[in-house]
Every structure is written in structure tokens, then in C-alpha cells.
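Side chains included, hydrogens not; waters and symmetry mates left out as well; all remaining heavy atoms used. A note on names: the letters A, B, ... follow the listed sequences, proteins ahead of strands, and every chain is numbered from 1. Every value quoted in this text rests on a predicted model; they were computed, and no experiment measured them.
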Amino acid sequence: MTEEKGINFIEEIIEEHLKEGKYQQIITRFPPEPNGYLHIGHASSICLNFGLTLKYGGYTNLRFDDTNPVTEETEYVESIKEDVKWLGFEWKNELYASDYFDTLFQFAMRLISKGLAYVDDSTSEEIAHLKGTPTAAGKNSPYRDRTVAENQDLFERMKNGEFKDGTKTLRAKIDMAHPNMLMRDPVLYRIKHAHHHRTGDKWCIYPMYDFAHGQSDSIEEVTHSICTLEFVPHRELYDWLIEKLEIYPSRQYEFARRNLTYTITSKRKLLQLVNENHVTGWDDPRMTTISGMRRRGFTPESIRDFCTRIGVAKRENMVDMSLLEFCVREHLNKIAVRRMVVLDPLKLIITNYPEGQSEEVFSENNPEAENSGGTRSIRFSRELWIEKEDFMEVPAKKWFRLAPGAMVRLKSAYIIRCDECVKDSTGNIVALHCSYIPESKSGHDVSGISTKGTIHWVSAAHAEKAEVRLYDRLFSVENPVADEGDFLSHVNPRSLQVIPEAYIEASLKDAAKGEKFQFIRKGYFVVDDDATAEHLVFNRTVTLKDTWDKERKK
RNA sequence: UGGCCUAUAGUAUAAUGGUAGUACAACAGAUUUUGGUUCUGUCUGUCUUGGUUCGAAUCCAGGUAGGCCAACCA
């Protein structure tokens with residue numbers, strides 16, 4: 001057996017760097033902008049950045065890229081910290097680009113004194129116009145040749161708040177004919193008389209991404225600054241600024257962002273879903289935000305496993321949602337205890353079982369766990385609830401659940417035979433009359449009968465009730481943003497089905513928020529945050545694989 | 001009439017000049033007191049054309065296809 005190395009291209013680069021002694025330790029950072037909640041795409045980046053320093057030695061900083069005060073809020077900072085922690089990672093330092101505003105201002109002054117930056121009085125429209133297009137060179141701004149002294153004075157006065165928003169910018173002086181648009185005298189600083197979530201009203205000029213991100217990396221001596229592919233063109237500017245500033249040479253590496261079928265990973269669009277009430281909030285269980293997935297019942301282990309499995313590369317991709325679901329099921333199968341819950345009830349009366357009598361049966365908590373996770377006691381009696389869908393008056397091919405004359409095992413209890421289905425005046429089936437085989441009790445079965453089907457049930461007299469929320473994918477098409485049309489038109493109208501009163505077995509009564517279960521034959525469920533002592537609420541995390549469903553559709 | 005990035009089964013990802021492999025999905029079967037789990041098997045792939053080489057998914061060139069770049073967003 002040869003152990004597959006299977007390292008990705010970034011690990012390859014790092015191993016090379018380590019081998020040649022370029023770095024003693026690896027320093028990465030996870031740099032979210034606090035203007036929204038983290039989603040599955042960020043999870044990928046978090047696992048990559050933190051995973052790398054865990055694997056190769058070193059550390060990872062959590063750095064908020066908070067250079068745009070108008071969109072950023074403390075609420076987002078808090079949620080981001082919670083989500084990273086929940087995913088299972090620890091950052092070395094909690095940092096903010098805004099911590100560096102003084103240094104960044106000095107950096108800008110350094111560039112000005114080197115004649116490599118200038119204050120421009122052009123409007124944004126004029127700047128855009130003079131920028132040219134990807135296929136046509138730009139033209140120099142009329143303010144491009146101001147003297148160093150003049151630029152220093154003007155920039156100082158920008159900082160002092162002497163000018164209105166949008167009236168002046170600081171620009172790098174590079175090359176207006178550069179084939180890379182980002183090198184055509186990029187804006188470094190803009191005026192915004194806005195309140196910042198951390199620096200308050202201290203500043204009225206704020207650095208742009210390109211003059212903050214790489215510099216922050218450098219200040220922190222980040223060795224490998226990992227970002228997504230759309231920043232590839234920025235790398236030239238990233239390197240130019242570091243070189244001209246003569247500061248620590250952090251290096252940027254880009255990988256392709258992960259796309260997942262049936263979801264969107266655009267903060268703007270996620271915000272729209274929230275603001276327009278298509279979902280109940282950022283943590284709506286249908287959202288593929290980290291907080292949404294947490295509330296849905298996904299585990300950090302399963303998300304990390306997913307991120308490992310999808311890997312890291314540089315090509316456009318669309319990862320199958322079924323892989324995420326597989327990872328979730330695989331973990332939950334191991335840890336979730338089994339319980340019986342009837343979602344769509346049909347009364348089943350065992351006519352040969354004495355009225356008013358009940359007895360105790362035992363059921364394993366988790367067949368996957370050691371010693372089956374122990375057993376629990378369940379009350380069995382004459383009247384039960386079963387799922388409507390477990391009975392067919394006219395059985396389909398290969399049907400081995402209940403049908404007139406058919407026998408099934410009641411999970412952990414007795415084998416029963418269906419004798420009669422009772423209908424109301426309009427022909428709806430309202431109950432099933434069955435008889436049980438007394439010597440077939442689970443664990444003491446001497447009946448000699450074997451059944452193909454086993455169904456779950458809850459004793460009517462002993463059942464508790466709970467609200468159950470069945471979630472399905474939020475979008476009904478694989479790629480909701482594929483066409484130019486409104487992605488909202490692809491929202492799945494049946495992404496949430498609420499069952500106000502499902503019958504749950506009594507042992508579920510004390511389930512705590514966040515506790516995870518497998519409802520036998522129905523799927524994995526978690527107690528929702530909305531639950532109270534009086535009113536239990538379960539979210540369906542994911543269904544079980546259903547090979548009968550496939551058979552049925554044939 | 002620009003620059004940059006990318007191209008391996010349906011999807012994602014390995015193979016780093018030497019037997020194209022893994023996972024998910026799909027399909028078939030075995031086991032099963034969950035039509036779950038587990039196990040076994042099957043199916044499908046190097047974008048294209050040249051070149052270098054004993055040998056190319058890998059290196060080179062052309063083509064094709066997809067993506068990114070013209071916010072005082074990140």
C-alpha cells in the first residue's frame with residue numbers, strides 16, 4: 001500500500017519553501033470584511049489557511065479587512081469570530097486593518113515623497129474616463145505632475161478633513177498605458193466622512209483594499225497570503241507596493257473559489273435574501289452560511305471533511321451538493337442517536353392487544369456506536385401512530401411495507417399483520433386494523449416469521465408532540481446565477497415545509513437545543529434555537545438516502 | 001482590438017516525463033429488525049492540432065472553450 005500524497009498546489013509551494021529554507025514558519029491569515037456573514041465558500045478558505053499552518057507549523061491570524069466604514073458593522077465581526085471558532089479553528093491574533101491606519105498613512109507619505117503617488121482632484125467619472133479600457137490605453141490625469149511638496153500638503157489636508165467626500169483621491173503614479181488596468185494609477189486613498197466601527201470619527205480618509213491588504217500582510221509578516229482567483233491581477237500591484245515601500249515581502253497565492261450546486265455564495269445576494277425576507281435571517285437553516293448550516297444541524301467535522309474532499313485548485317468548478325450531504329450524513333450516522341417520530345400520522349389499532357394495556361420495549365440508541373450506544377425504553381400499546389406512506393392499499397411492485405394481508409415488523413416490538421383498512425364516508429383511509437403475533441417480540445422472537453419490512457411507530461397514548469421543519473434546497477436549479485435573469489426567480493417555493501404537530505417518542509421530550517438525532521427512516525434532525533420547554537422544534541438536517549424513493553420513481 | 005488565469009469520468013480532485021487513480025453521483029448485487037449503515041462489483045475521462053522525447057495528462061507552440069480585469073467595493 002502506497003500512501004497517496006495528494007497535496008494541493010499551495011502545499012506543494014510551501015513544502016518547497018520549507019525545503020529550501022526560505023521560511024522558518026508559515027504565517028497565514030483569514031481576512032474577512034465584516035460586511036456579512038461567513039458562508040460555505042469562506043469555510044473553504046478558513047480550512048485552507050488554518051489547515052496549512054496546522055500542518056506545516058506556524059500560525060494564522062484573523063484579520064478583519066475593515067477599510068470601508070459604510071458597509072461594515074460590529075455585528076458581523078462577532079458572527080465571524082463565532083463561526084471560525086465553531087468550525088474548530090483558533091487564530092493567533094485578532095487583528096484589524098484599521099489598527100494600521102496610522103502606519104498606512106505613513107506608507108502613503110513615503111510613496112508621495114518618492115514621487116510615486118499624487119493627489120488627484122478628478123471626479124470618479126473623470127478618473128474612470130481617463131482610465132481607458134482593457135483594449136485602449138488610458139490618459140494621464142491633469143493633476144499627475146503635482147510636486148512632492150504640493151502632494152504632501154494636499155494629502156495632509158485630506159486627512160485633516162478640509163475636503164468633501166469624493167473631491168480628491170490619492171493615487172499611485174505608475175503607468176496609464178499599462179496592460180493591467182489595476183496598474184493605471186490605482187486609487188490608494190479616498191475621502192469618506194463616515195463613522196468607522198472601530199476608529200470612530202478619527203479618520204475621514206480610508207485606504208483602498210490594494211493599499212491595505214498587502215500592507216497588512218506585510219506588517220504581520222504573513223508568508224503566504226492566500227486569496228481567490230479574481231485577485232490575480234492585483235498581485236502585480238501587491239508586489240509593486242511592497243517593493244516601493246520596501247517592506248516585508250509577503251507573497252500572494254490564488255486558488256479558485258468553490259461553487260456549490262443549488263446555492264449562491266455572493267454576500268450581496270445573500271444579503272438580498274435576508275433583506276427581502278426570502279429567508280428568516282442570515283442563520284436561516286436553508287442558507288449555506290456557516291450560521292445557517294450550524295442551525296440546520298451540520299457539524300463542523302462534516303464541513304471540514306467536505307472542504308478537505310473538494311480540494312484546492314485553480315480551475316472553475318461547481319461542486320455537487322450531494323458531496324456535502326454525504327459528509328453530513330457520514331458524520332451524523334456515527335454520532336446521532338436514533339429515535340422514532342411519526343411525521344404524517346395514520347392510526348394503527350392492534351385488535352388482539354388488550355385495551356388499556358401497555359408494555360415496555362427496548363431499542364438500540366445507535367447501531368453504529370459501540371454496544372449500540374445502549375438502549376432506551378419505549379412504551380408499546382394497542383393504538384399506535386405510523387406513517388401514512390408506510391401503507392398502500394394496492395401495493396406497488398417490490399413493496400414490502402404494510403398492505404392488506406401483509407406483515408411487517410414494528411421496530412423493536414412485534415410483527416403485525418394488516419387485517420383491514422378503515423375508511424371514512426369519503427373513502428379516505430382513517431385507520432388500520434392489525435393483529436400482532438405475541439411470540440414475535442423483539443429479542444424474544446420464537447415465531448419463526450421473518451418480514452422484509454420494518455416500520456417505525458409511536459404509541460398514541462404515550463406520544464409527545466413537536467413542531468418539525470422540513471427543509472429542502474433553497475434554489476430549484478443547480479446554478480441560480482447562471483443566467484442574467486433574477487436569481488430570486490429560482491427560489492424553491494417548497495424549501496420549507498412545517499409540520500406543526502408531529503408525534504415523537506417520549507424520550508425526546510427533554511432534547512436540548514442543538515442536540516442531534518436520527519429519526520429512524522426519516523433523516524437527521526436537530527433541535528432548533530426556537531425550541532422552548534413547552535414547544536419543541538426540530539429542523540431536518542438532511543434526509544436519509546432513500547433507495548425506495550428511486551425504485552418508486554422507476 | 002489588450003493583459004492575465006484555467007482545461008483529466010456527470011462532479012470534484014490525484015498522477016510532477018514511465019501502468020490514468022481516489023471520492024461523490026449513477027447502476028447492479030450481498031448483508032440488514034432503519035428500503036439507513038456496511039460490503040462487493042459495473043460504468044464513464046486526459047479539449048484539439050502539431051512539436052520535443054525511447055516514452056507526454058505532464059514540457060513547448062498554435063488553435064478552441066471557459067473565467068477574470070475598465071468601484072473613490074473587498
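Within the 4.0 Å cut-off from OP1 or OP2 of B:rA71, not a single side-chain nitrogen or oxygen of A:R184 is found. A sub-4.0 Å separation between OP1 or OP2 of B:rC73 and a side-chain N or O of A:K192 is present. In terms of phosphate contacts, A:R235 brings no side-chain nitrogen or oxygen within less than 4.0 Å of OP1 or OP2 of B:rC5.
Only one option out of A:I455, A:V408, A:D344, A:V458 pairs with A:I386 in a side-chain contact (heavy atoms from CB on, under 4.5 Å); it is A:I455.
Among the atoms of the strands shown, none is found under 4.0 Å from any heavy atom of A:S372. Within the 4.0 angstrom heavy-atom criterion, no nucleotide atom of any strand lies near A:Y189. Residue A:K267 is classed as having no contact, given no heavy-atom separation below 4.0 Å to the nucleic acid. Counting any heavy atom pair closer than 4.0 Å across all strands shown, A:N317 reaches sugar-phosphate atoms only and no base atom. Residue A:H456 is out of contact with every strand shown, counting any heavy-atom pair closer than 4.0 Å.
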Scan nucleotides 8-10 of chain B against the protein and return all N/O pairs shorter than 3.5 Å with their distances rounded to 0.1 Å.
| unit_1 | atom_1 | unit_2 | atom_2 | d |
| --- | --- | --- | --- | --- |
| B:rU8 | OP2 | A:R315 | NE | 3.2 |
| B:rU8 | OP2 | A:R315 | NH1 | 2.4 |
| B:rU8 | O4 | A:R315 | NH2 | 3.4 |

Dump every N/O contact between nucleotides 61-67 of chain B and the protein below 3.5 Å, one line per pair.
| unit_1 | atom_1 | unit_2 | atom_2 | d |
| --- | --- | --- | --- | --- |
| B:rG67 | O2' | A:E316 | OE2 | 3.2 |

Residues 367-374 of chain A side chain polar contacts: donor-acceptor under 3.5 Å, at least two apart:
| unit_1 | atom_1 | unit_2 | atom_2 | d |
| --- | --- | --- | --- | --- |
| A:S372 | OG | A:E364 | OE1 | 3.3 |

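The ring of A:F306 has its center no closer than 6.0 angstrom to the ring center of A:F298. Aromatic pair A:H197/A:Y76: ring centres not closer than 6.0 Å. When ring centroids are compared, A:Y436 and A:Y414 come within the 6.0 Å threshold.
If you check distances only, the side chain of A:H129 never reaches the base of B:rA70 with a donor-acceptor pair under 3.5 Å.
Residues A:V222 and A:T28 share a closest heavy-atom pair of CG1-CA, 4.2 Å. Listed here is the closest heavy atom pair of A:D120 and A:S141: OD2-OG, 3.0 Å. Scanning all heavy atoms of the two residues, the minimum distance from A:R258 to A:G311 falls at NH1-O, 2.9 Å. Shown here for A:M176 and A:R184, the closest heavy-atom pair between the two residues is O-CD, 3.2 Å. Taking all atoms of both residues into account, the shortest heavy-atom contact from A:G161 to A:C204 is CA-SG, 3.5 Å. Residues A:D185 and A:I174 approach most closely at OD1-N, 2.7 Å, considering heavy atoms.
The same atom, P, is picked in B:rU22 and in B:rC59; the two are 24 Å apart, to the nearest Å. For the C1' atom pair drawn from B:rA25 and B:rA9, the interatomic distance equals 11 Å after rounding to whole Å. Rounded to whole Å, the P atom of B:rU52 lies 27 Å from the corresponding atom of B:rA15. Taking the P atoms as reference points, B:rC47 lies 16 Å from B:rA65, given to the whole Å.
Against RNA chain B, the stretch residues 66-73 of chain A makes heavy-atom approaches under 4.0 Å through A:T67, A:N68. RNA chain B lies under 4.0 Å from at least one heavy atom of each of the following residues of residues 164-179 of chain A: A:G166, A:T169, A:P179. Listed in residue order, the members of residues 135-143 of chain A having a heavy atom less than 4.0 Å from RNA chain B are A:T135.
Taking the six-membered ring for Trp and thresholds of 30 and 60 degrees, A:F211 and A:F107 have ring planes more than 60 degrees apart, a perpendicular arrangement. Ring pair A:W282/A:Y37 is parallel by interplanar angle, where below 30° counts as parallel and above 60° as perpendicular. The aromatic rings of A:W385 and A:Y503 lie parallel to each other, with less than 30° between the two planes, well short of the 60° mark.
Residue A:V232 is the one, among A:L182 and A:V232, whose nearest nucleotide of RNA chain B lies closer to the 5' end (criterion: closest heavy atom).
Evaluation of the ring-ring contact (aromatic ring centres under 6.0 Å, His included) rule for A:H196 yields A:F101, A:Y206 as partners, not counting sequence neighbours. Among residues two or more places apart in sequence or in another chain, the ring-ring contact (aromatic ring centres under 6.0 Å, His included) test is passed with A:Y253 by A:H224. Scanning for ring-ring contact (aromatic ring centres under 6.0 Å, His included) contacts around A:Y238 gives an empty result, with sequence neighbours left out. A:S412 meets the side-chain hydrogen bond (donor to acceptor under 3.5 Å, both in side chains) test with A:S363; sequence neighbours excluded.
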### Verdict with supporting geometry, A:N317 and A:R257, side chain to side chain donor-acceptor pair (under 3.5 Å)
CA-CA 8 Å; A:N317 60 80; A:R257 67 152 25 110; over 6 Å; no
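Classified by its glycosidic torsion, B:rA9 falls in the anti category, the angle being over 90° from 0.
A 6.0 Å sphere centred on CZ of A:R379 holds more than 12 heavy atoms belonging to other residues, nucleotides or ligands.
Helical stems in RNA chain B, defined as runs of 3 or more consecutive Watson-Crick or G-U wobble pairs with both donor-acceptor distances under 3.5 Å, are listed by first residue as B:2-7 with B:64-69, B:10-13 with B:21-24, B:26-30 with B:38-42, B:47-51 with B:59-63.
Cation-pi check for A:R198 over A:Y96 is met; the charged atom lies under 6.0 angstrom from the ring centroid and within 45 degrees of its normal.
A:R29 and A:H213 are linked by a side-chain donor-acceptor pair at a separation below 3.5 angstrom, with hydrogens and angles left out of the test.
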### Task
Produce a footprint string for nucleotides 31-48 of chain B: one letter per nucleotide, 5' end first; B if the base is under 4.0 Å from any protein heavy atom, S if only the sugar-phosphate is, - if neither.
--BBBBS-----------
